[in-house]
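Below is one structure; the comments refer to it alone.
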Amino acid sequence: MEFQLTEEQRSLQETARRYAQSRLPEIARHCEETNHAPGKELVKEFAEMGFLGINVPEQYGGLGLGNLEALLVLEEFGKVSSAVGFPVFESCVGPVRAIERFGSESLKQRVVPAVCRGEIQVAVSMSEPQAGSALTDLTTRAEMNGDAVVLNGTKRWCSGGGHADGYVVYCRLSEDAGARGIGAVYVEKDTKGVTFGRPESLMGFRGVPSSDIYFDDAAVPADNVVVPAGGFKKLMEAFDLERCGNATMALAQASGALEDVIAYVQEREQFGKHLVEFQAVQIRLAEMKMRVEAARLLIHRAACNAQHGLPSILDSSLAKCFSNEIAREVCGHAVQLMGGYGYSREYPMERRLRDAWGWGIAGGAVDIQKVNIAGALVGRRFDQRR
Ligand SMILES: Cc1cc2nc3c(=O)[nH]c(=O)nc-3n(C[C@H](O)[C@H](O)[C@H](O)COP(=O)(O)OP(=O)(O)OC[C@H]3O[C@@H](n4cnc5c(N)ncnc54)[C@H](O)[C@@H]3O)c2cc1C
């Protein structure tokens, strides 16, 4: 077992860190204030710098590095903010990876290299008004009609909704009940019959646009079917990688908060001494550090166990659940340690706490991860309906 990053990994991490810290804080502030995603030009710049599709195979326009390398970069971007990290998240662990794994060769060539070049962004649309945790209750239908597939239904909470150029839409592709009838179709934003709800106003995730999506006889080529009915298991396997990205974004809120607060408590004086001199503050810092390090180890283990593949449901659920929970705790401690400055919107700390909360709902609530973990422990899936 080797717990050191290689020289190349350290160098990549350092490059990402320097770029993120110098280029992105002002942009992150703007995304937060306006609730607008980073501009297209910036996403192209990410691509030129080699920060998109890090773990995507070279034949599809990626760098061909491993999952760990992608997550190292993602953490550095996520420390600045979820909004500026989101394009990296989408390109390395997002739904485009399901296309790259399971789509037809022509669909892969049409979509994946364009994402890696920063030309388009692809979002995932799974949730529906009546299908959140109970995802297999989804009702959006896709029916074959000649060489087209026609979608009807309503989707909810899509991160990137109305902003992303394409959507991997989970839908019913056969009459089979439950998971057996579910597959996924790639739908471009400007497809006739696709409309978007008003931009959601969430507690956090500002700068990651979110909206409902409505499909009203929206027809796309049959080649856009990413996985046919019966492919739900495959979609969930690809989602195991997305879970590690979610865990990393949650970790980034916590590790970014810890870095900032370490500097703060060594500057701020009360009662004639720096805050860091108080033992209660020292203990709080130690507890934050323990949680951040443990979360990072779980994430890195999940990534390293599947450097060029898809992590297991146990590894990825452990990493996501733990990181989601500690991110809320650690960011809460950081807000406390910064007092009024932690609670002020002038500083990024309260934003991290709000975003940390969101990562523990997005991609499956923490309680659902615990059900996954228990299922893996006893070697079976627990049916939540019985
Ligand atoms: C910031 C953010 C971003 C998101 N991005 C996307 C996206 O890009 N694409 C997309 O499709 N969706 C997205 N979602 C939706 C997300 O996947 C769902 O919100 C999530 O799966 C929970 O579904 P729900 O909101 O319907 O809650 P519900 O399913 O109603 O659950 C509410 C709560 O009930 C509890 N609960 C439910 N079932 C169980 C159970 N079986 N056991 C124990 N407890 C249970 C949990 O505590 C859960 O948090 C996003 C959500 C958020 C908050």
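One-based numbering, in listed order, for ligands and for the atoms of each.
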Review point. Nearest protein heavy atom to atom 37 (C) of ligand 1, by residue and atom, and its distance?
Key: Ser133 OG, 3.6 Å
Check your understanding: When you measure from atom 24 (P) of ligand 1 to every protein heavy atom, which one gives the shortest distance, and what is it?
Key -> Gly132 CA, 3.9 Å
**Study point:** Leu337-Met349 co-clustered via ILVMFWY side chain contacts under 4.5 Å
**Key:** yes
**Study point:** Electrostatic pair Arg352:Asp355 at N-O distance under 4.0 angstrom
**Key:** no
Review point. What do you reckon, does Gly358 have a nitrogen or oxygen under 3.5 Å from a nitrogen or oxygen of ligand 1?
Key: no
Exercise for review: Would you please test Leu24 and Phe46 for side chain to side chain contact (heavy atoms under 4.5 Å, CB included) and show each step?
Suggested key: CA-CA 11 Å; Leu24 300 179; Phe46 287 2; 3.9 Å; yes
Study note, to complete from the structure: Heavy-atom closest pair (Val261 atom, Ala334 atom, distance to 0.1 Å) is CG2-O, 3.7 Å
Review point. Nearest protein heavy atom to atom 41 (N) of ligand 1, by residue and atom, and its distance?
Key: Gln384 OE1, 2.8 Å
Exercise for review: Determine if the distance from atom 33 (C) of ligand 1 to the closest protein heavy atom is below 4.0 Å.
Suggested key: no
Review point. Considering only heavy atoms, which of Val168, Asn246, Asp367 lies nearest to atom 46 (C) of ligand 1?
Key: Asp367
Exercise for review: May I ask you to identify the nearest protein heavy atom to atom 48 (C) of ligand 1, giving residue, atom name and distance to one decimal place in Å?
Suggested key: Ala365 CB, 3.8 Å
Check your understanding: Of all the non-hydrogen atoms in the protein, which one sits nearest to atom 45 (C) of ligand 1, and at what distance?
Key -> Ile368 CD1, 4.3 Å
Study note, to complete from the structure: atom 51 (C) of ligand 1 sits nearest the protein heavy atom Ala362 CA, 3.9 Å
Exercise for review: Give a yes or no on whether atom 30 (O) of ligand 1 lies under 4.0 Å from any heavy atom of the protein.
Suggested key: no
Point to revise | Close aromatic pair by centroid cut-off 6.0 Å: Tyr347 and Tyr264 | key: no
Review point. Would you call the rings of Trp359 and Phe205 parallel, tilted or perpendicular if under 30° counts as parallel and over 60° as perpendicular?
Key: tilted
Study note, to complete from the structure: In terms of its nearest heavy atom to atom 16 (C) of ligand 1, the top option of Pro95, Ser127, Gly204, Ser159 is Ser127
Practice item. State whether Arg17 and Glu75 are salt-bridged, where the test is any N-O pair (Lys NZ or Arg NE/NH1/NH2 against Asp/Glu carboxylate O) under 4.0 Å. Key: no
Practice item. Check ligand 1 against Phe205 and write out every atom of the ligand that is under 4.0 Å from a heavy-atom position of the residue. Key: 1 (C)
Check your understanding: Does the pair Arg354/Glu32 count as a salt bridge with the N-to-O cut at 4.0 Å?
Key -> yes
Check your understanding: Honestly curious: do Ile99 and Val220 fall in one hydrophobic cluster under the side-chain, below-4.5 Å linking rule?
Key -> no
Practice item. Determine if the distance from atom 5 (N) of ligand 1 to the closest protein heavy atom is below 4.0 Å. Key: yes
Study note, to complete from the structure: Short version for Ile361: what comes under 4.0 Å of ligand 1, heavy atoms counted, is both
Practice item. Measure the distance from atom 25 (O) of ligand 1 to every protein heavy atom, then report the residue, atom name and distance (to 0.1 Å) of the closest one. Key: Trp157 NE1, 4.1 Å
Point to revise | Ser125, portion touching ligand 1 at heavy-atom distance under 4.0 Å | key: backbone
Check your understanding: Is the ring centre of Phe51 less than 6.0 Å from the ring centre of Phe77?
Key -> yes
Point to revise | Salt-bridge present (Arg110, Glu105; N to O < 4.0 Å) | key: no
Review point. Which residue and non-hydrogen atom of the protein lie closest to atom 9 (N) of ligand 1, and at what distance in Å?
Key: Val124 O, 2.9 Å
Check your understanding: Does even one non-hydrogen atom of Ala123 get within less than 4.0 Å of ligand 1?
Key -> no
